[in-house]
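If you read the sequence from its start, that first residue is 1, and numbering goes on from there.
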Amino acid sequence: MANSSAAAARRRRASGPAPSLTGPASDVHPVLRRATAPPAALDLLAQARAGLDEAAVLETPNERYATAHLAALRTAAAVLAARAQPETGARRRARIRSAWEVLPEIVPELTEWSALFASGARRRARAEAGIQGAATRRDADDLIRDVAMFLRLVERMLVLQPVLPQPRQDPERPGDRAG
């Protein structure tokens, strides 16, 4: 009886992926465990999540757009806090570079995201300045959706680390039985 309960428990555990900390279990692959992201990066991710939640409920498109773009910037800053090394030598003094310029050098797989958010930086500046029509409702909605995807991707990259399944060990191997 105990063997059948253990087998049932194993089937229940193996029937689906582990639950995600940031979304539905249906999009998690394979099994996840916590990685060691620095506290500064985790704090920036929390600030980005709060900013994104705020952007979703703001009234004016300019405010929504600017707040969502800031959430994207905080998300990029979290990646840089976790992965970047301080610049030394001549390049350090050359010029100040935006997070969107540095991010693809540190994490090349985020290059397209960097280009997307860099292209919205001028619109964000106009929206923050209160220029009428700097961002439309559609612009804000699209940006909020994009930032949510970017934030989720970065959270998974920094906070959760995939663990590959281990080969099964059969409890009864052919040579173990007494004949």
Side-chain angles (χ1 to χ4, degrees), residues 15-85 96-164:
S15 66
S20 167
L21 298 177
T22 58
S26 61
D27 67 351
V28 177
H29 180 76
V31 179
L32 301 174
R33 71 170 178 208
R34 287 220 171 258
T36 55
L42 296 176
D43 185 50
L44 286 162
L45 289 174
Q47 289 177 37
R49 173 67 59 199
L52 186 60
D53 292 344
E54 180 185 355
V57 297
L58 288 171
E59 291 297 318
T60 68
N62 278 0
E63 289 177 325
R64 295 176 77 224
Y65 190 92
T67 304
H69 197 276
L70 182 58
L73 190 55
R74 285 184 173 138
T75 303
V79 174
L80 297 177
R83 302 261 178 102
Q85 300 296 318
I96 296 173
R97 299 187 305 150
S98 80
W100 307 125
E101 290 177 84
V102 178
L103 190 62
E105 295 172 11
I106 306 301
V107 187
E109 59 267 30
L110 297 178
T111 298
E112 290 180 26
W113 289 104
S114 293
L116 173 70
F117 295 124
S119 70
R122 293 184 77 191
R123 178 174 282 156
R124 176 182 142 214
R126 292 193 322 264
E128 286 176 327
I131 296 172
Q132 189 69 18
T136 65
R137 179 169 292 283
R138 172 78 184 261
D139 294 333
D141 289 345
D142 289 348
L143 184 64
I144 288 170
R145 188 173 40 258
D146 290 341
V147 173
M149 290 173 53
F150 178 59
L151 176 58
R152 189 169 171 118
L153 175 73
V154 168
E155 284 172 337
R156 289 177 187 276
M157 180 188 309
L158 296 183
V159 179
L160 301 174
Q161 178 180 26
V163 178
L164 297 176

- Looking at side-chain heavy atoms only, is the closest gap between Glu155 and Arg49 below 4.5 Å? yes
- Can you list the steps and then say if Leu110 with Met157 is a side-chain contact (heavy atoms from CB on, under 4.5 Å)? CA-CA 11 Å; Leu110 297 178; Met157 180 188 309; 3.8 Å; yes
- Which pair of non-hydrogen atoms, one from Ala41 and one from Ala82, has the smallest distance, and what is that distance? CB-CB, 4.1 Å
- Task: Measure from the side-chain N and O atoms of Asp139 to the backbone N and O of Thr136, and report whether any donor-acceptor pair falls under 3.5 Å.
- Result: yes
- Task: Apply side chain to side chain donor-acceptor pair (under 3.5 Å) to Glu54 and list each qualifying residue two or more places apart in sequence or on a separate chain.
- Result: none
- Value rounded to 0.5 Å, distance of CD1 in Ile144 from OH in Tyr65: 11.0 Å
- Query: Is the backbone of Ser98 close enough, under 3.5 Å, to the side chain of Glu101 for a donor and an acceptor to pair up by distance?
  - Reply: yes
- Could you walk me through whether Phe117 and Phe150 pass the side-chain contact (heavy atoms from CB on, under 4.5 Å) test, one step at a time? CA-CA 10 Å; Phe117 295 124; Phe150 178 59; 3.5 Å; yes
- Please name the pair of heavy atoms, one in Ala71 and one in Val147, separated by the smallest distance, quoted to 0.1 Å. CB-CG1, 3.9 Å
- Task: Over all heavy atoms of both residues, which pair between Thr75 and Ala48 is shortest? Give the atoms and the distance, please.
- Result: OG1-CB, 3.3 Å
- Query: Between Thr67 and Leu58, what is the shortest heavy-atom contact and its length?
  - Reply: OG1-CD1, 3.3 Å
- For the student: nearest non-hydrogen atoms of Leu80 and Ala99, plus distance: CD1-CB, 3.9 Å
- Query: Does any N or O in the side chain of Asn62 come within less than 3.5 Å of the main-chain N or O of Glu128, such that one atom is a donor and the other an acceptor?
  - Reply: no
- At what distance, to the nearest 0.5 angstrom, does OG1 of Thr60 lie from CZ of Arg137? 9.0 Å
- With sequence neighbours excluded, give me every salt bridge (Lys or Arg N to Asp or Glu O under 4.0 Å) pair touching residues 55-72. Arg64-Asp141
- Task: Begin with the C-alpha distance, continue with both residues' side-chain angles, and end with the deciding distance and a verdict on side-chain contact (heavy atoms from CB on, under 4.5 Å) for Trp100 and Leu73.
- Result: CA-CA 8 Å; Trp100 307 125; Leu73 190 55; 3.9 Å; yes
- Task: Step by step, work out the side-chain contact (heavy atoms from CB on, under 4.5 Å) result for Leu143 and Arg123.
- Result: CA-CA 11 Å; Leu143 184 64; Arg123 178 174 282 156; over 6 Å; no
- Message: With side-chain contact (heavy atoms from CB on, under 4.5 Å) as the test, pick out the partner of Trp113 among Val79, Asp146, Leu103.
- Response: Asp146
